[in-house]
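Written below as structure tokens is the structure these notes are about.
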Number of protein chains: 2
Amino acid sequence: MNDIARAAGVSQAAVSYAYNQPHKLSAARREHILTVAAELGYAGPNPAGRTLRTGRVGAIGLLITDTLGYAFDDPAAVQLLKGISEVGEFAEVALTLLPCPLESPRLTEGGGVLVRGAVDGFLAYAMPDGHPGMATVVARGLPIVVIDGSDLGHLPRVGIPDRKAAREIAAHVLGLGHRRVGVLVDRLVPDGAAGPVTPARERAARDLVNKERLAGYRSAFRSAGVSRRETTVIEAGGFDYAASRAAAAALLRDRSLTAVLAATDVLALATIDAATELGLRVPRDLSVTGFDDIAEAAKADLTTVRQPLVEKGRQAARLLLDVIAGEQATAVTLPTELVVRGSTAPPRRR
Amino acid sequence: MNDIARAAGVSQAAVSYAYNQPHKLSAARREHILTVAAELGYAGPNPAGRTLRTGRVGAIGLLITDTLGYAFDDPAAVQLLKGISEVGEFAEVALTLLPCPLESPRLTEGGGVLVRGAVDGFLAYAMPDGHPGMATVVARGLPIVVIDGSDLGHLPRVGIPDRKAAREIAAHVLGLGHRRVGVLVDRLVPDGAAGPVTPARERAARDLVNKERLAGYRSAFRSAGVSRRETTVIEAGGFDYAASRAAAAALLRDRSLTAVLAATDVLALATIDAATELGLRVPRDLSVTGFDDIAEAAKADLTTVRQPLVEKGRQAARLLLDVIAGEQATAVTLPTELVVRGSTAPPRRR
DNA sequence: CTGAAAGCGCTTACAG
DNA sequence: CTGAAAGCGCTTACAG
């Protein structure tokens, strides 16, 4: 900026004004400065300098568990991203992706992107309880909005009534007459383990969404008088189709099941595929429900819980921007809706 | 940092060393400084200060045409993102999403994220020729790597041999005996227009990938003696399923067609859906080919061109990081492969 | 409308 | 191993 000022024969402050406060300069002078800048290949104020001075970065960070690859594999996450980015674009705020694999030691160290990343605030998406990245980010003292995770007792949060919605869809299935019902969850504890869920593991659950949905199913089972022993719960250990399919196959080894409650649509779609492979017809031989209502759910005629994924992203981004602007934050719970389609029916008579 | 230094009874430089050059301090002193910092709620060096001093941000920007929503709707783009983010995570570099809608005046103005965004370099993904955002970014003088777009004559680029691969898959279809072949492209000119492509519009094409693929088809047609008049080309005007489906429906109004060459898998899948709705069976009544080999292509048994989407992202990110590190850049062309599946067959005899 | 000046928070070469 | 100092590029309050 000094070079430009010298070349244009003005003060360095005038150059700054040319970019930031045009009204403080005569039009001719401003024009002159901008022309000189263009000639010298100066593209405008350096972001780092501006940030240091103003304290505003113009970017928000999105914390995602695991690698970004995971996030992009999950259609529900992609919808959420759409909503977030809509708001960001409108507000001229960039979105910085901050992947937080659980194992990385760099999560808490100074070198990592969580500590070093220049952002004005964080959106923490589906972070499991006790994730070290969360503590790192809280320590930075910047505004944080939680999406689908624990609010740590004090953070503003955007989510849906997972437990209630899960109870509702389970009640729908039980209401059709099913008693032998299997349950599929993504992941309760982020340790990569997959397979049947023990009571101890269920108590140790750290992924709030899966935990709450499972709790909702349990609640419906209790109300319907289905005992804990009668229900099998399988954890996929991951969010991708392959893990989902394997979990579904494991669950369907129990041929007495007449229905499967899947905690996500991806799990449900994998269940339908696995059932088809076994020669089972949905819903004649097996009722299947999902959760989220991603685009594929409608195509597969899946009974599921609709949640406003894009809107969730929008609201979270707006909330964060509000907090950054110094406004008061309030928790937001968005409505869900039970969508009954063709993948559920009464159990076949023996 | 000054506050911490005072509280710890050391120089401000010592605090900096505690975070950045541990070996310059005795272990005890470092420990002491870090403890005091934790007590005072200091989370480590301020990113803006560090960036201003070192000139390194620790983030790369990804330029995407249109809104991010578009990008996330496109499975091919999502795969690319996966590859990019893999490299970023490994190198501890954050990925900043920089959407560049064509219409926005802020693209070139000082207030926009393109001018203001703090990054060490840019990845320009599928930017159409002449996009104003590209000029803005070039003006910043930071390293740029182009993916699937024009290299502007001098930028390092990562891509695939679109024209050659398109010629190959077209030759496959023509080799099966098809003569009445329709073509579907996403978008030639980013003006939102959709419908039949005139010669003038084809010449004015600014989306390099679509342009090249179309040129490849044309080349195969010429070799097979299929005249320009015999082929209809329809432009969808967008990348999403809805636009694709509408374009497919428009193309299939011509009932004499026995095959459709779609420039992307999304277009091809939409074509299969549209054909099914019309009561046409694939491939018996209509052969359909795609391009990209996204996950859904295999499920739909689609004949297509496989390109290494994730690897493309990886290579581009690595290349950019190399250029940022001061290394020499070279253009990268990744291999493609014709994948013949069940969506193509000889035309039915009349 | 213009210019001189302070200071945002940091890293590192330098002298001790 | 430690401290004093310069300077990265910027914005804005202040005096003229």
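Quick note on labels: first sequence line is chain A, next is B, and so on, each numbered from 1.
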Rounded interatomic separation in angstrom, taking [atom1] from [X] and [atom2] from [N]:
| X | N | atom1 | atom2 | result |
| --- | --- | --- | --- | --- |
| A/His32 | C/dT2 | NE2 | C1' | 14 Å |
| B/Asn2 | D/dA4 | CG | P | 11 Å |
| A/Arg50 | D/dC10 | CZ | P | 9 Å |
| B/Gln12 | C/dC10 | CD | P | 7 Å |
| B/Arg56 | D/dG9 | CZ | P | 14 Å |
| B/His23 | D/dT2 | NE2 | P | 13 Å |
| A/Ile33 | C/dG3 | CD1 | C1' | 12 Å |
| A/Met1 | C/dG7 | CE | P | 20 Å |

Output the single nucleotide from [options] whose closest atom is nearest the side chain of [X].
| X | options | value |
| --- | --- | --- |
| B/Ala13 | C/dC10, C/dT12, D/dT2 | C/dT12 |
| B/Ser16 | D/dG3, C/dT12, D/dC10 | C/dT12 |
| B/Pro45 | D/dG3, C/dG9, C/dC10 | C/dC10 |
| B/Ser26 | C/dT2, D/dT2, D/dT12 | D/dT2 |
| A/Arg29 | C/dT12, C/dA5, C/dT2 | C/dT2 |
| B/Leu25 | C/dG9, D/dT2, D/dC10 | D/dT2 |
| B/Tyr17 | D/dG9, C/dC10, D/dG3 | D/dG3 |

Exercise. Which residue lies toward the 5' end of DNA chain D, A/Asn46 or B/Lys24, if each is placed at its nearest nucleotide?
Worked result: B/Lys24

Counting only N and O atoms by type, is there a donor-acceptor contact under 3.5 Å from the side chain of [X] to the main-chain atoms of [Y]?
| X | Y | value |
| --- | --- | --- |
| A/Thr65 | A/Pro128 | no |
| A/Arg30 | A/Ala18 | yes |
| B/Arg157 | B/Ser150 | no |

Seminar exercise, completed: side-chain contact (heavy atoms from CB on, under 4.5 Å) test vs B/Val137 passes for just one of B/Leu114, B/Val115, B/Leu142, namely B/Leu114

Problem set entry | Euclidean distance, A/Asp120 CG relative to A/Leu321 CG, rounded to 0.5 Å | 8.5 Å

Problem set entry | Separation of A/Asp207 CG from A/Asp129 CG (nearest 0.5 Å) | 8.0 Å

What contact category does [X] fall into here, base, sugar-phosphate, or nothing, at under 4.0 angstrom with non-hydrogen atoms?
| X | result |
| --- | --- |
| B/Ala48 | nothing |
| B/Gln21 | sugar-phosphate |
| A/Asn20 | sugar-phosphate |

Exercise. Taking only side-chain nitrogens and oxygens of B/Tyr19, does any of them come within less than 4.0 Å of OP1 or OP2 of C/dT12?
Worked result: no

Problem set entry | For D/dG16, the Watson-Crick or wobble counterpart (both distances under 3.5 Å) | C/dC1

